[in-house]
Colleague: 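Below is the structure I would like to discuss, written out as structure tokens.
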Amino acid sequence: MCAGATNSVMLISVHGDPLIPLGSIQAGGQNVYVREVAQALDETGWRVDVFTHHANPSQPAESRLGQRSRVVRLCAGRPRFTPKQELFPLLPRFRDQVIEWAAMRSRVYTAIHSNYWLSGWVGMQLKRHWGIPQFHTFHSLGKIRAASVIAQGLSMNTRFQIEQDIITTCDKVLATNPVEQELLNKHYQVPDGKIRVVLCGVNRQVFYPRNRLETRQALGLVSIRPIMFVGRFEFNKGLTVLLEAMARLLKHRQHLGKSVQLLVAGGQIPDQCIEPREQRELKRLVGVLGLDRHVKFLGPLSHPELARYFAAAEVTVVPSYYETFGLVALEAIACGSPVIASDVGGLSYTVSDGETGLLVPPGDIEALERALACVLENSVLLNHMRMRASQGLSSSFTWPEIARQLGEMYRFANLEEEASAYESGSALVACQ
Ligand code: UDP
């Protein structure tokens with residue numbers, strides 16, 4: 001394949017299908033990122049092919065995503081849900097299926113944009129095969145994750161090695177915020193020249209402030225002060241820390257017990273499948289802590305549904321041990337909800353301490369209890385943070401702006417690659 005294809009990009013997201021419902025263990029921020037980036041690029045005239053693993057046989061092999069773009073689902077020999085930790089051996093087959101799919105349709109791409117280290121491996125192979133630029137977004141950095149949570153059943157050494165190879169091979173590593181850039185510098189020795197910061201965004205047509213009391217009324221939450229948690233049910237998200245903090249708060253401040261309720265969105269609908277272990281354990285912990293009356297599991301919610309809950313909330317809590325970006329915090333602020341978040345990763349960047357929310361050390365139950373008490377008992381502070389959150393986020397956090405930056409970068413790198421290929425004469429060989 002020769003360089004020079006215009007306005008056609010391949011997004012690789014092996015474990016993150018952009019069109020599946022969100023909230024379950026393997027469907028979160030990366031799926032949203034890939035969907036929103038693909039749609040926003042499509043709206044500016046790009047043709048985007050998103051390649052993902054065909055994890056659910058009831059879904060078609062291809063789905064449209066915008067006017068000229070699509071999601072292509074490849075089974076890589078296993079047409080069923082496969083946990084991330086088991087996907088690595090399927091990647092050579094996945095790569096071959098991408099090449100076959102593109103060859104059958106004579107597809108020529110301007111660039112490859114890979115997401116997460118598994119897709120980064122596929123991207124490296126395709127870059128070598130086609131001689132086109134590769135951009136990579138990590139979404140999660142193995143070394144940081146290993147330091148902050150117990151890695152479960154995952155061969156971290158393989159991941160570390162591949163992450164390092166991706167950094168060496170790809171044209172640019174895309175950091176989603178300046179904190180991630182620093183971590184890439186420090187832990188992976190990525191020079192600044194190789195990193196480009198392109199933020200994550202929020203869809204302002206969905207996530208915007210609404211009248212809080214009216215929204216509460218519409219949601220049947222009139223007599224309660226809702227605290228929101230939204231996320232996948234994995235240990236790293238820190239929901240157990242929040243439950244422990246809630247139990248302490250209600251023990252030490254019994255007057256709050258009458259009105260405060262934690263609303264938890266995410267997880268899987270139990271009657272459609274066997275309830276996952278993490279989900280059962282969380283519900284058990286609620287009972288053990290005596291929180292049955294104070295915690296309600298809402299199940300997975302769509303973005304339009306979540307936007308109303310964020311707007312109705314007193315506060316949204318993001319108690320993660322580690323978060324590369326943390327879309328939930330941004331979405332909540334966009335709806336005018338103050339956010340109490342762990343002072344880690346992208347959360348330290350998106351939440352402004354004392355302004356749009358409060359930052360607490362990750363895993364610190366007592367600090368989280370204090371932050372909750374502070375927000376719930378100090379109406380001056382709460383109103384100030386609400387006002388700051390409702391004032392609106394900078395336009396850099398919008399998907400059209402992000403797509404504009406990405407599009408320019410793909411095109412520019414392709415021109416450079418083309419020029420150097422012609423200088424070395426290799427383009428002629430590649431095009432034959
Ligand atoms: N999400 C959702 N419904 C749910 C739970 C989560 O739509 O029931 C979305 C949430 O709104 C956000 C994404 O899943 O857009 C989670 O992204 P985040 O970056 O916060 O966490 P990640 O999943 O990347 O760890």
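We number each residue from 1, following the sequence as shown. Both ligands and their constituent atoms are indexed starting at 1 by order of listing.
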Colleague: Does R225 reach the main-chain N or O of L376 with its side chain, forming a donor-acceptor pair under 3.5 Å?
Modeller: yes
Colleague: At less than 4.0 angstrom from any atom of ligand 1, which residues have a non-hydrogen atom? List them by chain and residue number.
Modeller: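 Near ligand 1, by chain and number: L22, G23, G28, G29, V32, V230, R232, K237, A265, G266, P300, L301, H303, L306, E323, G326, L327, V328, E331.
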Colleague: With sequence neighbours excluded, give me every salt bridge (charged side-chain N to carboxylate O under 4.0 Å, His left out) pair touching residues 29-54.
Modeller: D42-R68, D49-R70, D49-R107
Colleague: Under 3.5 Å, is there a donor-acceptor pair linking the side chains of T169 and R128?
Modeller: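 R128 and T169 do not have a side-chain donor-acceptor pair below 3.5 Å.
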Colleague: Sort out for me which residue in V72, L126, I112, V122 forms a side chain to side chain contact (heavy atoms under 4.5 Å, CB included) with F51.
Modeller: V72
Colleague: When you check the side-chain N and O atoms of D192 and Q181, is any donor under 3.5 Å from an acceptor?
Modeller: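 Per modelled atom types, D192 and Q181 side chains form a pair under 3.5 Å.
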Colleague: If you take the centroid of each ring, where Trp contributes its six-membered ring, are H53 and F94 closer together than 6.0 Å?
Modeller: no
